[in-house]
Amino acid sequence: MTASTTSSTAVSRVDDARDVAAPALPSAAHAVHTPLGVREVRLTDGPLASWQSLNASATLPHCIEQIEEWGILDNLRRVIGESGAEFRGFWFADSDLYKVIEAVAWEIARTGTTEFDAWLDDVIGLVARVQEPSGYVHSWIQGVHPELKFVQLELTHEMYVLGHMIQAAVALDRANGRDDLLVLARRFADLLDRRFGPGREQGICGHPEIETALVELYRHTGEERYLALAAHMVELRGQGLLKVGGLGARYFQDHAPVREARDAVGHAVRQLYLNAGVTDVYLEQGDATLLAAMDAQWSSAHERKMYLSGAFGSRHRDEAFGDDYELPSERAYAETCATIADIHWTWRMLLAGGAAGAATYAETIEREIHNALAASIDGGGTRFFYSNPLQQRPDRYSEENAPRERTPWYVCACCPPNIGRTVAQLGAYVASTTADALWLHQLAAAEIDLPADLGEAVVRVTTAYPADGRVEVSVHGHVRDGVRLAVRVPSWSPDAELTSRADGGSGAARADADGYARLPLVDGARYTLSLDLTPRLTRAHHRVDAVRGCLAVERGPVVHCVEQADLPDGVAVDDLVLLPAQGVGVADDGTLTVRCAVVDRPDTLYSGAGAPVATEGSPSLDVAAIPFATWGNRSPGAMRVWLPVDR
Ligand SMILES: [Zn+2]
């Protein structure tokens, strides 16, 4: 392998006058919303800001350490004789390096830290030395199976790895203008285009991801070929190009063209990354048939196949979506990456003005952030779940990707770096603008710089949400006449009123039909939204057999659960039966409690339908219902979100 050196040649970029550091920056007229970046939206306080601090201080250094420890860098070094180690891990392990680079990039964009610069110099230099003159770089192919280069696209993940390389490279350039990785990524993308571009050899990747990355590369560089290649690959999906073998075409989303594939099927992460890419192509080219297909996909994934926690994929086998309403709690696969992929896709649907509406998209992202995503990491920021079940039985057997407890790393380590990059970019999902409004989608304490076309002001959001339902917004600086503030009013508090106080008078508004309350955005004004955080008992659709006869506790956007660690000796989580008539208690410190009977029935697996009601004569007790995201932080043990009721 011939080493190539990092070029210092500047990369041409699209007019970056806005200089926005956001993961998805649509350039065409088909975007309904304009995103703001992580510099314009600074999370200042509260759980999301704390999470970003923990991400920077613990998760990112941990990921950097782990990719060295697990041989991911040695896999690259051995290609050029800098290591004698055997190849370790999966054939797509390079992607984990790129995801860590991307996570670091968003952290640099967010805070300007230089803490990671030396590491970036090292690893980007390494990638540069491993890259072939053609632009190709993939340590498993180069170092283990060079004969497989571009010949088993269904399995080798070469384009998937490039996709993550591109996303990292774009993020880094958006963060602080560092373009050395971008030079390398473009060489590889150019190689892909020369080989698989329109009119040439037909090929798509078994694991979607390259599509969304190529669109972003187009947005960032202005190079039309990258968009054309992404659109071409979207068109080629469902044409039977992949040799799908025993996994079947649905696993790869290659069973039908994207316009006809209206149900979310197969490997969940692949489906959701593919959908992000298809939506990106729509955002640039405006083909309404693509958006219609994505509307149908979104409905399938979220109205029939999403867990209450905002997780996806109910089958361990093939890490796949199940049938409609097939949502078992204890056997949920619910891969962390599927939730992350869905945040990326759902945000793009919001930008595109998809049929479900911005408020629904934003509320879904909120559910995902505060529940499935937050549960995937421990309080210390260095242990992770790959699979996020909604129930753990006491005798749960630890499986490879579904252990009983969070672990520091995985042989297939897609999830931890994915968490790192998503947490670092959280600010980008909080707000957007349209020609005449600033939209607040996520209710998080933040400082937001109004983009120049709306004025020159800082909008400050102060809140302890979701612990507290009061959200205050203040405006400091010049705002163009006619600009409004649009604040999302969650569906569980529909009557909440947005009020304002300003020199010119006061105002009040409830949510419009689209779920946003609107008032004029005025310098010096103070706005208040007071949400009703009364805990709720939630049931599932009657077709969800797995939790029929069960209720879950929710408060605001937070799903709760009961955990063995909160129960007295001798009381098992699985013997609790909820007494819903008692409601949900809220202690002064915000802790929720539910009244439960402790059932002690004869040890019979099955009994006659006329058997007495289980809770008759049973003792009862108040049980703490903790946020699902915090389970498993004390001791391993049973947990459940859905609690049975007696009848
Ligand atoms: Zn994963």
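Order of appearance sets the numbers: ligands from 1, and atoms from 1 within every ligand. Every heavy atom of this structure was used, including side-chain atoms; hydrogens, water molecules and symmetry mates were not.
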| message | Are His541 and Tyr325, when compared by the centres of their aromatic rings, separated by less than 6.0 Å? | response |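 For His541 and Tyr325, the ring centres are under 6.0 Å apart.
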| request: Give a rough value, rounded to 10 degrees, for the angle at the Zn ion (ligand 1) between atoms SG of Cys414 and SG of Cys415. | output: 120°
| said: Under 2.8 Å from the Zn ion (ligand 1) - does any N, O or S atom of Cys412 fall there? | reply: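 Here the distance criterion (N, O or S atom, under 2.8 Å) is not met by Cys412, so no.
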| task | Among the N/O/S atoms of Glu335, select the one at the shortest distance from the Zn ion (ligand 1) and name it. | result |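 Checking each N, O and S atom of Glu335, the shortest distance to the Zn ion (ligand 1) belongs to OE2.
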| Around atom CZ of Arg78, are there more than 12 heavy atoms of other residues, nucleotides or ligands at under 6.0 Å? | yes
| task | Check side-chain hydrogen bond (donor to acceptor under 3.5 Å, both in side chains) between Glu400 and all other residues, then give those that pass, not counting sequence neighbours. | result | none
| message | Between Asp280 and Arg348 (salt bridge meaning N to carboxylate O under 4.0 Å), is one present in this structure? | response |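 Salt bridge between Asp280 and Arg348, a charged N being under 4.0 Å from a carboxylate O: yes.
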